[in-house]
Amino acid sequence: MIKKVFSAILMALAICVTTSAAVKKTNLRVLYVGGHSDMETMGIGAYDTAAYDRSAAQRMAAWETYLKEYFTTVKAISGKDYHYTMSNDYDVTIIDGDPKPIEPRRTISENGRFSKLVYARYVPDNFDRPVITIAEEGETVGRRIGVKNDWYCLCLDAHAFGMNTKHDIFRGPYPVKLTMVDRPTPEGAKEYAATYGTPLPETTKMWRVQNKGYMTHNGFKVGMVSRPWGYADSPETEIISGGESAKSYDAIAIGRHANWLHWGFAASPADMTDEAKPVFANAVIYISKFAGQHVIARKLYEGISTRTNADDMKSRLRKETYDDYIEMLKKYDEQTRHVADSVKKIEAAGGKLTDMDRMYLQMAEHPQPKPTYEQFVQQAAGELFQQFGTDIEKYNKYYTDNRPYFYGTTSNYGLLLDEDAKSLSIANNDKRILDKAISLWEKGEDVEKAKRLLYRYTLLRYDNAQEFRAWYKKYEKKLFFTENGGWLWLVNDLDPATPGNDYSVLKYDDVDESQLARVTQATTTEEPVQLSAAVEDNGNGNKTLMVRAKIHPGYHIYSAVSEQDPYIVTTYDIDLNGKGKLVGELQKPTGRMLNTTGTVVYENEVVFKQKFTAGRNGSIKFTINYQACDDRSCLQPMSKTIETRY
């Protein structure tokens, strides 16, 4: 009897301890929108859908349980059941699964040629409810309305670094402990920095956010970092933390754009560290304070240039950068030969070779071509090469002297030189340029130049100087300049009716039907891969499909991806319409080594060949599924199809 009483007392004490240690709930209403699982499926053609569904259900349950520990009201729903109006009933919405779009994604083409991509819409432009997006949902849900939490790279692992530890999410109300440890600086960040002449330390102080990551747990969901260039050039943004990724050192793992907070880490609370859980809860409380705010500066085109491109070009053209590039190619060739030698031994012993094994043999037989310095500069400099050749001092002077007058557009992803601004000797991000242009118009001097400047750098389309002057006088103290948001002067004012903030004048959602017939198959940074196809008739019904893929300069797609890298391998689908049969495997071109992990990429122009047998008057369709990246960032995975008759 005494033992039973003693046991009851111990149990009561345990309950008291547990209760006293329980988290004090914050009075907030939180809506969790789920649908993703802990499995990474991006770029994977086939996977166990039943296992995915089970994981998604477990993930949703983990989020719901966790959120209920911290907040008084929690609702968990699937993305397919979410509509943006539901957020009106909650203080914060957490999006961790693709909602059903209110407008679907559209691709406009003419005669099979790409013209324009219009992204899916999930919320209206002036949506003002507080949101946290998990991993790539910042890109998915925010792209159409210009949220800066874009897809720089789906390659964020388990650690954060470069945190603003004075930020509210690290200070409370829930107590936070940040255990910092020295870890190797990510290789991708070091390679990127070396290209631009800014080497990084071998180790970096990091904080563990997740107990699992894709680098250590194969198949685990991958996080997303956003582009840093121009992220903070509007008043409604802030960078909170970087993270361990395959991209630049300053890639953004946690950041806020107006009422949208990007939490780039991918783990659910089931795999968050105990130190990370209160930080996320603090982030929920923090973003709740931005109810009623909305995006002002809209990044409608993820690849838009900023002025840092001019600085990058000066570094990229250095002879030291070229020398490092050649050494890197030589190192990759050596690694390829080493792997190929091992493969040959397997083949000699009668072992079965994989597609990747055969690819290494092919690459060893055809080493990567090494450009001369002149060729290297010509490819990087483009049209300027005709003026400056390999005279790097002239390039440095050009980019330094003209830096105040460069600007970007949504149709040209490089930098353009504004001769109008240069003629006035006023930088385009200097407010005086607006005042000067209005004055010129008022005086009837250089009116066309004045109009060009005002229409180029504002969203106003007034047809007289008086209205421009009245607007300038009223909002002068609230004006700010954003490169990331379109190289525009905008007004720091949340009133949707504020003149000067209406991006609809750019007609970015529309298509100019009169332009469709003039679309060519030129590559762009928005559409970096273009296809052409032909069929060679070899007689007796034997034919060969030849598909040429042209890849935009500076970009690459992935022939093979190492398990250590997060990139998406290129896959192919071939469909014979009518009677016919594919003969053998698709003949793929030789790629080049991207890095020391073994990932192989295609660049410039490559040709694929597929033999088949068929009669006459049929057609064959070729689809390439790829992710295009340059040395700074990756685009979302895309597919492109070309069909040709024979």
Side-chain angles (χ1 to χ4, degrees), residues 148 150-153 162 186-200 225-233 239 242 245-252 299 301-326 328 371 373 375-385 387-388 390-410 412-418 427-429 482-487 524-526 528 552-556 594-595 603 628-635:
K148 294 184 180 183
D150 60 4
W151 183 319
Y152 179 18
C153 182
E187 287 299 318
K190 290 199 299 186
E191 290 175 7
Y192 176 85
T195 301
Y196 297 97
T198 54
L200 295 174
V225 288
S226 294
R227 291 172 176 83
W229 310 289
Y231 189 95
D233 71 6
I239 298 171
S245 77
K247 289 301 179 181
S248 60
Y249 204 63
D250 53 355
I252 300 170
K299 186 179 182 183
Y301 300 88
E302 60 182 10
I304 191 168
S305 294
T306 62
R307 222 176 297 266
T308 56
N309 286 43
D311 306 325
D312 290 347
M313 283 302 298
K314 290 193 293 185
S315 296
R316 185 175 298 202
L317 295 170
R318 296 180 314 132
K319 179 64 164 56
E320 294 84 353
T321 302
Y322 167 76
D323 291 339
D324 290 343
Y325 175 68
I326 295 299
M328 178 182 69
Y373 180 53
Q375 292 170 331
F376 179 82
V377 173
Q378 184 173 12
Q379 180 177 0
E383 294 179 359
L384 285 178
F385 183 80
Q387 297 182 52
F388 304 141
T390 57
D391 192 332
I392 302 306
E393 288 307 313
K394 288 183 178 179
Y395 288 106
N396 288 339
K397 180 174 174 55
Y398 172 82
Y399 285 113
T400 299
D401 292 350
N402 293 309
R403 195 179 192 279
Y405 315 115
F406 285 124
Y407 72 103
T409 71
T410 56
N412 185 318
Y413 286 82
L415 287 174
L416 302 175
L417 178 57
D418 188 345
N428 51 21
N429 60 353
T482 173
E483 297 173 13
N484 189 293
W487 295 82
T524 67
T525 52
E526 185 180 24
H552 195 67
Y555 278 75
H556 54 259
L594 175 69
N595 52 29
E603 296 177 309
C629 302
D630 63 7
D631 60 359
R632 294 167 58 124
S633 61
C634 290
L635 303 179

Sequence-distant partners of Tyr231, side-chain hydrogen bond (donor to acceptor under 3.5 Å, both in side chains), two or more places apart: Asn149

Within the distance-only criterion (no hydrogens, no angle test), does the side chain of Arg403 pair as donor or acceptor with the backbone N or O of Thr400 below 3.5 angstrom? no

Under the 3.5 angstrom rule, does the side chain of Arg227 hit a backbone N or O of Trp151 as a donor-acceptor pair? yes

If you measure from [atom1] on [X] to [atom2] on [Y], what distance do you get to the nearest 0.5 Å?
| X | Y | atom1 | atom2 | answer |
| --- | --- | --- | --- | --- |
| Ile252 | Lys247 | CD1 | NZ | 15.0 Å |
| Trp229 | Ser633 | CH2 | OG | 5.5 Å |
| Thr390 | Ile392 | OG1 | CD1 | 6.5 Å |
| Met313 | Tyr399 | CE | OH | 3.5 Å |
| Asn402 | Leu416 | CG | CG | 12.0 Å |
| Leu635 | Asp630 | CG | CG | 7.5 Å |

Would you name the heavy atoms of [X] and [Y] that are closest together and state the gap between them?
| X | Y | answer |
| --- | --- | --- |
| Ala193 | Leu200 | CB-CG, 3.7 Å |
| Ser245 | Pro186 | O-CB, 3.3 Å |
| Asp150 | Ser226 | O-OG, 2.8 Å |
| Pro528 | Ala628 | CG-CB, 3.4 Å |
| Gly486 | Ile304 | CA-CD1, 3.8 Å |
| Tyr192 | Asp631 | CD1-O, 3.4 Å |

Test: Cys153-Cys634 SG spacing under 2.5 Å: no

Quick one: list whatever passes side-chain contact (heavy atoms from CB on, under 4.5 Å) with [X], sequence neighbours left out.
| X | answer |
| --- | --- |
| Pro553 | Thr523 |
| Glu383 | none |
| Gln379 | Asn604 |
| Asp233 | Lys148, Thr482, Glu483, Asn484 |

Side chain to side chain contact (heavy atoms under 4.5 Å, CB included), that's the test. Do Arg307 and Asn428 meet it? Break it down for me. CA-CA 11 Å; Arg307 222 176 297 266; Asn428 51 21; 2.8 Å; yes

Lys/Arg-Asp/Glu bridge criterion (N-O < 4.0 Å) met for Arg316, Asp312: no

Pair Lys319 + Asp323, salt bridge at N-O below 4.0 Å: yes

Check ring pair (Phe, Tyr, Trp, His ring centres under 6.0 Å) between Tyr322 and all other residues, then give those that pass, not counting sequence neighbours. Tyr373, Phe376

Would you indicate whether the side-chain heavy atoms of [Y] and [X] approach each other to under 4.5 Å?
| X | Y | result |
| --- | --- | --- |
| Thr409 | Trp487 | no |
| Asn309 | Phe406 | no |
| His556 | Cys629 | yes |
| Glu187 | Asn595 | no |
| Tyr398 | Leu417 | yes |

